[in-house]
Amino acid sequence: MQFYIPSHKKPFGTLSMRAKATSMQLFVILLVVWLIKAQILETYGCLGVEREALLAFKSGVIDPRNCLSSWEGSDCCRWKGVRCNNETRRVEKLKLRFPCPASLDANYIGFGGEVNPSLLSLSHLKHLDLSMNNFSTGFPNFIASYKKLRYLDLSYAGFTGAIPPEFGNLSTLRYLDLSNIDAKLSTTSHGKLSWIKGLHSLRYLDLTSVLLQNANDWLQGVSMLSSLQVLRLGLCSLPSNPDPISNFNLTSLTILDLQDNLFNSTWPGWLRNFTSLTDLNLLNNNLFGPIPVELNNFTRITSLLLGSNNFDGQVADSINNLCRLATLDLSGINIDRDIVEFLSIFSCVPLNNWRALDLKKTNIRGNLSGWLEQMTSLIYLDVSNNFFNGSIPEGIQKLSNLYFLDLSENLFRGVVHETHLMNFTKLEVLRLSGTSLDLKVDDNWVPPFQANELVLSSCRLGPRFPRWLRLQTEIFVLDLSNNDITGAIPNWFWDLTSPIVFLDLSNNQISGMLLSSLENMTSLRALNFASNFLEGFLPFLPHSLEWLDFSSNMFSGSFPQSFFKPNMLTIHLSNNSISGNIPSSICNLQNLYILDMSNNKIFGELPNCWNSGSKQLMDINLSNNNLSGLLPDSLGLLSSLLFLHLNNNSLYGELPSALQNCPLLLLDLGQNKLSREIPVWLGKLTNLTILRLMSNMFAGNIPAELGQLENLQILDLSWNNLAGNIPQSFGNFHAMASTKLPGYINEPLVTLYVDFIRPTSFETSFTSDVSQSYTDQRLYIATKGSNLQFSKNLFFEKSIDLSA
């Protein structure tokens, strides 16, 4: 059977084949167009205007490590830190955070220079990260003009001045980090936070270290951000009583960081609504009184940081219902109970759930056995400065996730073997100082970790220098003081020192000579070799050095050229055999607090170059040297000078009246050749606690004005050529009859904080510190025929000596 097909109609099969052919042709055409487009984009990369904008930015920055060396060629989408959209090839992401992270040089601070506004040509930019640099210019206001920006990180970028309120126009922004922008602390416009109300898409806000002391509206401002999940306002000087809010909109907030605001109040009432939190940080806020029971309503809390406050030690009823806790910081709170009793408060928290415990300075007692071995998830443990006792359980080896362990300043005894540490593959910080623990490992031990900080003072590591340190190539802080180490420092040790920031080998028996130059230790900030048997000439020092202690060694010779470095805070060179003149360059140290070069063989005149630039200098001790000449008038320009020890030299002439401009607490000029009358202006130094002018050539009467020194505790005018009667005004020395100690003696005179950031993660930093207090002053006082040294107990001494 045949069908008749009219001539004007086509068979269905023919139509189908033609349709397939047409579709195939269209596909081929589209494919060719796409390939041509891809080839064009591959050849020319990003848009020319965006490439030129990036090159203009590159020309404006200071790049000491040449980190932008890849910024060459036509395809800027392949440049380091630049990401483009795969379809449009428009630049959408610019990530230039700490551009050379592999650098172990602690002085490297990223880019300098300026941020060229040419970057505004990147009109499709969604992600901008310029953090961890040092631009040292005002904020790049043009950033506020981006229309699609979702992520902005300018933390630690070095921008100065007020945060532009125009940043509030970035309505698409979801992530904003302006923390720690400038070391001098930035502020916001007029100190207010109203500008953030326009950031209604924001989920993450970090304004740490931005000054907000006038921002009474801060709580109102952030409460408008209903999508906010993370809020960090630490170190902002926030008002503790912000303006009240009518509606609480922060129901999505999970992380709240308000540390270091020094609220100086009881528990803030406005916190009661933040029950959605999983992380709460109130560290160091001078909060006092009880921890409220209502904290038990924060049942989602996994991280609670309440340390460094003045809360009552009774915490049981306040936090015993927080069953999701994994991180807890109660440091500095007087808990004063046994550790097992304390942990029973958290009986609903399984021991293997704990990740971080900071209980330093809480007066907790007990030992580590029975509970610590079960905390197998622990990554951070600090129980320093307590009353823990006993030995370290071998089961501590189960804590294979630990990266921070501080057991220092406790009553532990026994031995720490390599078996205790065998599984610590992630350990970065180990502190065992100030205990009776011995660290005993095989001479060929290979540590399973690469530490950033090893504080092992008084761990009896000697007599040999620990050979296992050869394998520790990432150390920033190393304290091996008081370990009975003998002999010379091995040559291999100096190969490890380039990244070290803090090095303490004091109070050992190390002998021999140092390298002639330590200048390759370019990251070094604190160096302590005190109380050893080191000899030879003083070495050349790194430019970065801030804290130097070579005291009580056998160094000799004169000062090398450019020995004193511009950032120095303290110089301790006492009890050596150093000779020569004091270089005038010492007057240029504008950050210097303490200069102690006593008990040496230094000769010549005191430099007369002191100026108001040395406004930090508090303590000068050049006693027991061979100095001669007049006392320089320029000493009177040291507006912070508290302690001046120049005794036992050959200084002559009269006391310069300019010294009355110094706020002196101690003036010791005994055993010199000073003459004329004792000046009456000494009575104006009303803060003076100790005045010693004995064994000079002063003549005339004792001025009655000295009776105005009501704070005087030690007065020695003996062995001069004085005449006349003892002034009746000497009955006004009230401090001599008082048992009350001066309020300042427990305060640090100067403290150096050594912060270092893990090179693999900028989210974690560690801090070590070294300090010197008022009680570190030393005096030799003649009592009953004996010449006794007073140091720590100096301010307990009361005496008057007017003998001839």
Side-chain angles (χ1 to χ4, degrees), residues 234 240 257-269 271 280-296 298 301 303-322 325-349 351 354-372 375 378 380-390 404-412 431 433-436 741 743-748 751 767 769 771 773 775:
S240 60
D257 181 356
L258 299 177
Q259 67 174 321
D260 295 301
N261 277 293
L262 303 180
F263 289 135
N264 195 29
S265 70
T266 56
W267 185 272
L271 272 175
L280 175 60
N281 185 350
L282 294 175
L283 291 171
N284 195 30
N285 274 303
N286 284 353
L287 296 173
F288 54 85
I291 299 173
V293 177
E294 64 193 43
L295 186 56
N296 262 329
F298 289 53
I301 284 281
S303 176
L304 181 61
L305 311 182
L306 301 179
S308 301
N309 283 293
N310 299 312
F311 290 122
D312 296 344
Q314 302 301 318
V315 297
D317 295 333
S318 304
I319 53 179
N320 61 355
N321 197 37
L322 306 182
L325 264 183
T327 297
L328 179 65
D329 186 338
L330 298 178
S331 57
I333 298 175
N334 185 28
I335 294 173
D336 191 21
R337 62 177 72 184
D338 185 86
I339 183 63
V340 175
E341 179 188 354
F342 172 74
L343 289 175
S344 68
I345 297 172
F346 310 98
S347 58
C348 64
V349 181
L351 288 177
W354 288 105
R355 290 180 54 79
L357 272 178
D358 192 336
L359 300 175
K360 64 178 174 286
K361 298 182 180 179
T362 54
N363 290 324
I364 285 185
R365 54 193 176 273
N367 58 61
L368 303 182
S369 298
W371 58 274
L372 183 58
M375 293 189 175
L378 210 60
Y380 184 107
L381 177 64
D382 189 345
V383 294
S384 61
N385 292 273
N386 281 299
F387 297 96
F388 284 96
N389 55 37
F404 185 104
L405 177 61
D406 191 345
L407 305 178
S408 60
E409 305 299 331
N410 276 286
L411 304 176
F412 294 119
R431 299 174 182 170
S433 61
T435 68
S436 295
L741 291 173
Y744 53 75
I745 68 169
N746 291 320
E747 299 176 4
T751 300
T767 302
D769 64 82
S771 64
S773 69
T775 56

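Just so it is clear, the values below take in all heavy atoms, side chains as well, and ignore hydrogens, waters and symmetry mates.
A search for salt bridge (charged side-chain N to carboxylate O under 4.0 Å, His left out) contacts involving Asp382 returns Lys360, not counting sequence neighbours. In this structure, the side-chain hydrogen bond (donor to acceptor under 3.5 Å, both in side chains) partners of Asn281, at least two apart in sequence or on a different chain, are Asp257. Residues meeting the side-chain hydrogen bond (donor to acceptor under 3.5 Å, both in side chains) test with Asn385, sequence neighbours left out: none. Evaluation of the side-chain hydrogen bond (donor to acceptor under 3.5 Å, both in side chains) rule for Asn386 yields Thr362 as partners, not counting sequence neighbours. Judged as a side-chain hydrogen bond (donor to acceptor under 3.5 Å, both in side chains), and not counting sequence neighbours, Thr435 has no contacts. In this structure Asn389 satisfies the side-chain contact (heavy atoms from CB on, under 4.5 Å) test together with Asn367, Leu411, sequence neighbours excluded. With sequence neighbours left out, Arg355 forms a salt bridge (charged side-chain N to carboxylate O under 4.0 Å, His left out) with no residue at all. Thr266 is linked by a side-chain contact (heavy atoms from CB on, under 4.5 Å) to Phe288, counting only residues two or more places apart in sequence or in another chain. Taking Asn261 as the reference, Cys236, Leu238, Leu258, Phe263, Asn285 meet the side-chain contact (heavy atoms from CB on, under 4.5 Å) condition, with sequence neighbours excluded. Evaluation of the side-chain contact (heavy atoms from CB on, under 4.5 Å) rule for Ala356 yields Thr327, Tyr380 as partners, not counting sequence neighbours. Residues passing the salt bridge (charged side-chain N to carboxylate O under 4.0 Å, His left out) test with Asp338, sequence neighbours excluded: none.
In this structure, Asn309 contributes its side chain and Phe311 its backbone to no donor-acceptor pair below 3.5 Å. Under the 3.5 Å distance criterion, the side-chain polar atoms of Asp358 are left unmatched by any main-chain donor or acceptor of Gly307.
Residues Ser408 and Asp406 share a closest heavy-atom pair of OG-OD1, 2.6 Å.
Counting only heavy atoms from C-beta outward, the side chains of Leu287 and Ser265 approach each other to under 4.5 Å. For the pair Phe298/Leu304, no side-chain contact is recorded, criterion being any heavy-atom separation below 4.5 Å from C-beta on. Residues Trp354 and Val349 have side chains in contact (heavy-atom distance under 4.5 Å, counting atoms from C-beta outward).
Atom CH2 of Trp267 is separated from atom CG of Leu282 by 5.0 Å, given to the nearest 0.5 angstrom. Once rounded to the nearest 0.5 Å, the distance linking CG of Leu357 with CG of Asp329 reads 9.5 Å. Atom CG of Leu325 sits about 11.5 Å away from atom CD1 of Ile345, to the nearest 0.5 Å. Separating the CD1 atom in Ile301 from the CD1 atom in Ile319 is a distance of 11.0 Å, to the nearest 0.5 Å.
Screening residues 361-370 for salt bridge (charged side-chain N to carboxylate O under 4.0 Å, His left out) gives Asp336-Arg365 as the qualifying pairs, with residues at least two apart or on separate chains.
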